[in-house]
Amino acid sequence: MIPAEFDYAAPATLDEALSLLQEHGDEAKILTGGHSLLPLMKLRLARPGMVVDLRKIDSLSTIAVDNGTLRIGAAATHDTIQQSDVVSGHCSMLCECAGEIGDLQVRNAGTIGGSVVHADPAADWPAALLAADASMVLVGPAGERTVAASDFFVGLMESAIAEGEILTAITVPTQAAQGGAYLKMEQQASGFALCGVAALVEVDGGKVTSARVGITGVATAPYRAAAVEAAIGDGLEAAAAHAVGGFTPLDDIHASSAYRSHLAAVFTRRALETAAARAGGSA
Ligand SMILES: Cc1cc2nc3c(=O)[nH]c(=O)nc-3n(C[C@H](O)[C@H](O)[C@H](O)COP(=O)(O)OP(=O)(O)OC[C@H]3O[C@@H](n4cnc5c(N)ncnc54)[C@H](O)[C@@H]3O)c2cc1C
């Protein structure tokens, strides 16, 4: 399949990219890795008249820690993040998550920004970014704004980004957590998550005293598992039993609602146990 005809631009600066988006309005589509956009264009589910490729804007790919905050450029590839000592030193769970995405070819081309804006309910990054309390830095005609991950993933394939905006970076605050883990059960053909769970825990006296948990693949949008976090004092297995608390698990050709519900509890327990073990604690 080949896409419909389109114009292509690869601006060298963010200002040029923003101008192109303004000029072409809803005819324009941003491209970074192309691993989600190009299949949609080939299927003609997306028919942009203008494709704006961000990969020549070097600042969008940088990764740095500034004043304790990790800043990952939106066009950083999954593989770059997986291999990054800076990311690993700040929150190694993010590297683990990156390594779970697709295969090497996908990780070499696909970007963190493309993944979060595409907002596939089975994508891996959203769970990790929710658990890490990350924020999205968006730049548009009205300037820059920051949206917390918990407000960014608003529905099925729907994020809080507005038309004309570019996601420039993802920021992750200093992690008080001592241990982290990202685990998933993947759909065997696609590699996407039937259930993916990110956990960051704090441990005191060998016991988990607090946890932050993000879950993807289970509901129409990824979510922060507040019910698990609230019950952490009851022990990891008991807390994990609340993994779908307040959400309706998806029921589709890949897995039934009951199976996803089961996976959510099992993978939440395993992610919490792994994170606790890495922090030197236990259940
Ligand atoms: C075979 C295969 C297996 C995969 N397996 C997995 C998996 O296991 N787990 C997983 O999570 N994902 C998986 N993916 C998806 C992969 O991670 C994609 O890379 C990702 O979803 C999209 O990133 P991209 O950089 O390719 O974005 P693109 O395809 O270039 O863009 C995706 C969307 O985001 C928009 N966009 C991109 N960048 C920006 C930006 N900076 N600002 C504003 N809008 C932007 C585009 O306009 C488009 O709407 C897989 C993909 C393939 C093809």
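Order of listing sets the numbers, starting from 1, for every ligand and every atom in it.
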Quick check: closest heavy atoms across S84 and V87, and the distance to 0.1 Å?
OG-N, 3.0 Å

Does K184 reach ligand 1, in the sense of a heavy atom lying below 4.0 Å from it?
yes

Heavy atom of the protein closest to atom 48 (C) of ligand 1 (residue, atom name, distance):
I30 O, 4.0 Å

Who's the nearest protein heavy-atom neighbour of atom 25 (O) of ligand 1, and how far?
T111 OG1, 2.6 Å

Any idea which heavy atoms bring T32 and G114 closest together, and the distance?
OG1-CA, 3.9 Å

Is a side-chain donor-acceptor pair under 3.5 Å present for E16 with S19?
no

Start with the C-alpha gap between T220 and F153, add the side-chain angles, then the distance that decides, and say whether side chain to side chain contact (heavy atoms under 4.5 Å, CB included) holds.
CA-CA 10 Å; T220 49; F153 302 105; over 6 Å; no

Proximal atoms of ligand 1 relative to K29 (non-hydrogen, under 4.0 Å)
47 (O), 49 (O)

If only side-chain N and O atoms count, and only distance matters, is there a donor-acceptor pair under 3.5 Å linking T77 with T80?
yes

What atoms of ligand 1 come closer than 4.0 angstrom to any heavy atom of G110?
19 (O), 25 (O), 26 (O)

Quick note, ring pair (Phe, Tyr, Trp, His ring centres under 6.0 Å) partners involving residues 214-254, not counting sequence neighbours, are Y223-F247

At a 4.0 Å threshold, what atoms of ligand 1 neighbour a non-hydrogen atom of L31?
30 (O)

Could you list the atoms of ligand 1 found under 4.0 angstrom from a heavy atom of H78?
16 (C), 17 (O), 19 (O)

heavy-atom search around atom 35 (C) of ligand 1 in the protein gives V117 CG1, 3.7 Å

A122 contact mode with ligand 1 (heavy-atom cut-off under 4.0 Å)
neither

Any chain of hydrophobic side-chain contacts (each under 4.5 Å) joining I63 to I101?
yes

Shortest protein contact, atom 15 (C) of ligand 1 (heavy atom only):
F192 CZ, 3.6 Å

Output the list of atoms in ligand 1 that are nearer than 4.0 Å to some heavy atom of S115, sorted by atom number.
20 (C), 21 (O), 22 (C), 23 (O)

Quick one: which ligand 1 atoms are inside 4.0 Å of a heavy atom on H35?
18 (C), 19 (O), 26 (O), 29 (O), 53 (C)

Just need the protein heavy atom nearest to atom 22 (C) of ligand 1, so name the residue and atom and give the distance.
S36 OG, 3.3 Å

Does an N or O from I166, backbone or side chain, lie closer than 3.5 Å to an N or O of ligand 1?
no

List the closest protein heavy-atom neighbour of atom 28 (P) of ligand 1: residue, atom name, distance to the nearest 0.1 Å.
G34 N, 3.4 Å

Is there a donor-acceptor pair closer than 3.5 Å between any side-chain N or O of T268 and the backbone N or O of A264?
yes

A student checking ligand 1 against I161 at a 4.0 Å heavy-atom cut-off should list atoms 43 (C)

Among protein heavy atoms, which lies nearest atom 24 (P) of ligand 1, and at what distance?
G33 N, 3.5 Å

Treating Ile, Leu, Val, Met, Phe, Trp and Tyr as nodes and any side-chain heavy-atom pair under 4.5 angstrom as an edge, say whether M185 and W125 lie in one connected cluster.
no

Evaluate whether atom CG of D252 has more than 12 neighbouring non-hydrogen atoms of other residues, nucleotides or ligands under 6.0 angstrom away.
yes

For A123, the ligand 1 atoms with a heavy-atom partner under 4.0 Å come out as 11 (O)

Can you tell me if CD1 on I2 sees more than 12 non-hydrogen neighbours from other groups inside 6.0 Å?
no

Atom 33 (C) of ligand 1: closest protein heavy atom, distance to 0.1 Å, is G114 O, 3.9 Å

Salt-bridge criterion met for D124 and K184 (N-O under 4.0 Å):
yes

With a heavy-atom distance limit of 4.0 Å, tell me whether L38 approaches ligand 1 through its side chain, its backbone, both, or neither.
neither

